[in-house]
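Okay, structure first, notes after.
Below, chains carry the letters A, B, ... as their sequence lines are ordered, and counting in each starts from 1.
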Amino acid sequence: MRVSQLFYQTLKEVPREAQIPSHQLMFRAGMIQQLAAGIYNYLPLAHRSIRKLETIIREELEKKGCQEVLLPYVQPSELWEESGRWGYYGPELLRFKDRKGGDFCLGPTHEEVITDMVRRNLKSYRQLPWNIFQIQTKFRDEVRPRFGLMRGREFIMKDGYSFDIDEQASKVTYKKMYDAYTAIFNRCGLKFRAVDAATGNIGGDMSHEFQVLAQSGEDLILSCNKCDYAANVEKAVTIRKEGTPDSTLFKDMEKVHTPASRTIEEITEFLKRPMEDFIKSILYVVDEEPVLALIRGDLDINEAKLQTLLSANSVELADDKTVLDITGATTGFAGPAGLKKKVKILADYSVTGRENMVAGANEDDYHVINVNYGKDYEADQICDIAFAAAGNICPHCDGVLEEHRGIEVGQVFYLGTKYSSAMKCTYLDKDGKDQLAVMGCYGIGVGRTVAAAIEQHHDEDGIIWPAALAPYESIVLPLQMNKEEVIKTGEELYEQLKIAGIDAVLDDRDERAGFKFKDADLIGYPVQIIIGARSLENGEVEVKIRKTGEKKNMPVRDVVSFVNDYIQKEKGI
RNA sequence: CGGGAUAUAGCCUAGUGGCUAAGGCGCCUGCUUUGGGAGCAGGAAAUCGCAGGUUCGAGUCCUGCUAUCCCGACCA
């Protein structure tokens, strides 16, 4: 491609709405343009990077025996009603009617459609396993799209679904996909961690997220400083060394007047006792059922853990009226004592390992002190519902958890039979009996991965593409466009690079050298081949490596093999 | 959905009730220049987000709407 013909325009200034490096640089490099909130045009440079990533994905998935399909993104409501998600998916699902008044939605994900497609073809155990994927545009009407391609409403996703005869086979598939994802992100030249993840409302009981480590990441991950344990903070197991309470120290529970002390901060200040002495009692409505969650005052309740623990579809804080109905007090004075029969109580391990704690009295302006587990209250379940934090002990070894920020570029789920049972996706086993297919699902955010690569690889001059994702691998820069020899050498090198199978562009614009350099650095071509009149007199040109800034003079005839070797090495081939 | 902000040419901005809406980037023409976003001269490009209102007069003040961004909540 000749730069004079390339459909793009670079900008010196950053549009106000672009906040993070990948968004700013993709905009400045003429890769994307916003059409509406969270909806973007992909210009040729962006599209080339995306296609390169898609090729890597296809190659690695096909190695694992996956097959590609293309499913509709307009989907009828019936399938979503069958799975139950039409009801609780929420406004993120963009719904509309067709001319006949039929309900449809834009597909945010494709479990329903794929399960429907598979059940119509699946007859026998002999057909399985099947592992089917597509690369396609998804739409999720996010409340707050942001950060360019990082969180769009419309976005390109690779989504794959596996169907196996039983749990054991499905987990073998899961492992294969985990390995495929590792290979894919390695080929992209990304630094990432696969972390334990919550499953949210997609369901299932095992999941890993692939997190690209970057400052601007929206996710918080905790990883062990000794072993390979790593988890999303939503999922990270909380291990703390809790003492066993000594019942001989138990004092009698006593009510104290604590006017206008509703929050933990207010009450610790009022009673002059440490936060660890308090039982934070928070009332949730879990699938329309009230649940009182107890946790030590210095910790926070992790709603994702609550959801998983109760296999719930929704977890919401109770409103003021519900709090009054159940506890008999306004919000801020709830406590476990006396509520045993009125509400399900879940206690975090943290509240059961300590004597003589403080809790709300279920009466306005009163708390109770010397509250002890087993004596003054009991819970239906003692469990881990706390947010883990940096400094916690690793659940797998004696290491300590450290905090990182990550961008979730992929996630793998073991789904079990959630969708196959809801939608009757069955096969006949050896004995001629109906069995549910066991499913997994696997996603990669394609645009987000490209953006994540930029987040991880850029400097003040622009993008530094990993060779595998670069829209073009090299640029030929003839510097003096009034010198015939320079132009001719540029044309020749450009042709030779293409013949050698290297993606190259020729900057044939009649621009000054500095202008071309700035553009080349901004767009981030991994290799620049700089042709200047002076070195050309010695038969040499200069090759600059974008990643290191290193420049090297070499004879014209050596350039193609040098570039080829470098690119191959960078791509890990 | 709560809180905050913004909307002037393709992009970044100025314009604080008064003459023909100004500058930079980018774009076009010519000259000049050719190793880090050069210089000079000329030029095209704006329904000042939309709709009402106040006023002799509105980009500027008021009301409503819309869009976009930020924080939070939310998020397979």
Salt bridge (charged side-chain N to carboxylate O under 4.0 Å, His left out) partners for [X], two or more places apart:
X: A/Arg512; answer: none
X: A/Lys175; answer: A/Asp179
X: A/Glu403; answer: none
X: A/Arg146; answer: A/Glu218

For A/Glu234 and A/Ser535, take the nucleotide of RNA chain B holding the closest heavy atom to each; which residue's nucleotide lies nearer the 5' end? A/Ser535
In whole angstroms, how far is the [atom2] atom of [N] from the [atom1] atom of [X]?
X: A/Gln24; N: B/C12; atom1: CD; atom2: C1'; value: 13 Å
X: A/Glu484; N: B/U34; atom1: CD; atom2: P; value: 18 Å
X: A/Asp510; N: B/U33; atom1: CG; atom2: P; value: 13 Å
X: A/Glu13; N: B/G24; atom1: CD; atom2: P; value: 12 Å
X: A/Ile523; N: B/G37; atom1: CD1; atom2: P; value: 17 Å
X: A/Arg509; N: B/G37; atom1: CZ; atom2: P; value: 14 Å
X: A/Arg534; N: B/U34; atom1: CZ; atom2: P; value: 11 Å
X: A/Phe155; N: B/C75; atom1: CZ; atom2: C1'; value: 10 Å

With sequence neighbours excluded, tell me which residues meet side chain to side chain contact (heavy atoms under 4.5 Å, CB included) with [X].
X: A/Val143; answer: none
X: A/Glu266; answer: A/Ser261, A/Arg262, A/Thr263
X: A/Ala470; answer: A/Trp465, A/Pro526

What about A/Gln9, does its side chain sit under 3.5 Å from the base of B/G10 through a donor-acceptor pair?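 When only heavy-atom distances are counted, A/Gln9 does not reach the base of B/G10 through any donor-acceptor pair under 3.5 Å.
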Distance criterion of 3.5 Å, no angle test: do you see the side chain of A/Glu511 paired donor-to-acceptor with the base of B/G37? no
For residues 532-542 of chain A, dump all side-chain donor-acceptor pairs below 3.5 Å to protein atoms at least two apart in sequence or in another chain.
none

Using atom [atom1] in both nucleotides, what's the gap between [N] and [M] to the nearest angstrom?
N: B/G15; M: B/A7; atom1: P; value: 11 Å
N: B/A9; M: B/G52; atom1: C1'; value: 26 Å
N: B/A45; M: B/U29; atom1: C1'; value: 15 Å
N: B/U32; M: B/A46; atom1: P; value: 32 Å
N: B/A38; M: B/C27; atom1: P; value: 11 Å
N: B/G37; M: B/C11; atom1: C1'; value: 15 Å
N: B/A5; M: B/A22; atom1: P; value: 30 Å
N: B/G24; M: B/C70; atom1: C1'; value: 26 Å

How is [X] classified with respect to the nucleic acid when contacts are heavy atoms under 4.0 Å: base, sugar-phosphate, or nothing?
X: A/Asp521; value: base
X: A/Leu522; value: base
X: A/Lys138; value: nothing

Decide whether a cation-pi geometry holds between A/Lys138 and A/Tyr73; the criteria are a distance under 6.0 Å from NZ or CZ to the six-membered ring centre and an angle within 45° of the ring axis. no
Protein-nucleotides 68-74 of chain B N/O pairs under 3.5 Å:
residue : atom : partner  : partner atom : Å
B/U68   : OP1  : A/Ala37  : N            : 2.7
B/U68   : O3'  : A/Gln34  : NE2          : 3.2
B/C70   : OP2  : A/Arg144 : NH1          : 3.3
B/C71   : OP2  : A/Arg144 : NH1          : 3.0
B/C71   : OP2  : A/Arg144 : NH2          : 2.4
B/C74   : N4   : A/Arg146 : NH2          : 3.4

Scan every strand shown for a Watson-Crick or G-U wobble partner of [N], both distances under 3.5 Å, and answer none if you come up empty.
N: B/A21; result: none
N: B/G64; result: B/C50
N: B/C1; result: B/G72
N: B/A14; result: none
N: B/A45; result: none
N: B/G35; result: none

Of the nucleotides [options], which one has an atom closest to the side chain of [X]?
X: A/Pro15; options: B/G37, B/G35, B/C12; result: B/C12
X: A/Arg28; options: B/G37, B/C11, B/G35; result: B/G37
X: A/Phe517; options: B/C12, B/G36, B/U34; result: B/G36

Can you tell me which residue pairs pass the salt bridge (charged side-chain N to carboxylate O under 4.0 Å, His left out) test with a partner in residues 476-488 of chain A, sequence neighbours excluded? A/Lys488-A/Glu492
Using a 4.0 Å cut-off on heavy atoms, which residues in residues 446-465 of chain A reach RNA chain B? List them by number, or say none. none
List the protein contact pattern of nucleotides 38-46 of chain B with one symbol per nucleotide (5' to 3'): B for base contact, S for sugar-phosphate-only contact, - for none; contact means a heavy-atom distance under 4.0 Å. B--------
Should the pair A/Tyr442 and A/Tyr181 be assigned to parallel (<30°), tilted (30 to 60°) or perpendicular (>60°) ring geometry? perpendicular
Are A/Arg85 and A/Glu111 within salt-bridge range, i.e. N to O under 4.0 Å?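 Salt bridge present between A/Arg85 and A/Glu111.
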Should A/Phe104 and A/Arg95 count as side-chain neighbours, where that means a heavy-atom distance under 4.5 Å? no
Keeping A/Asp507 on the side-chain end and A/Val476 on the backbone end, is there a donor-acceptor pair under 3.5 Å?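 No.
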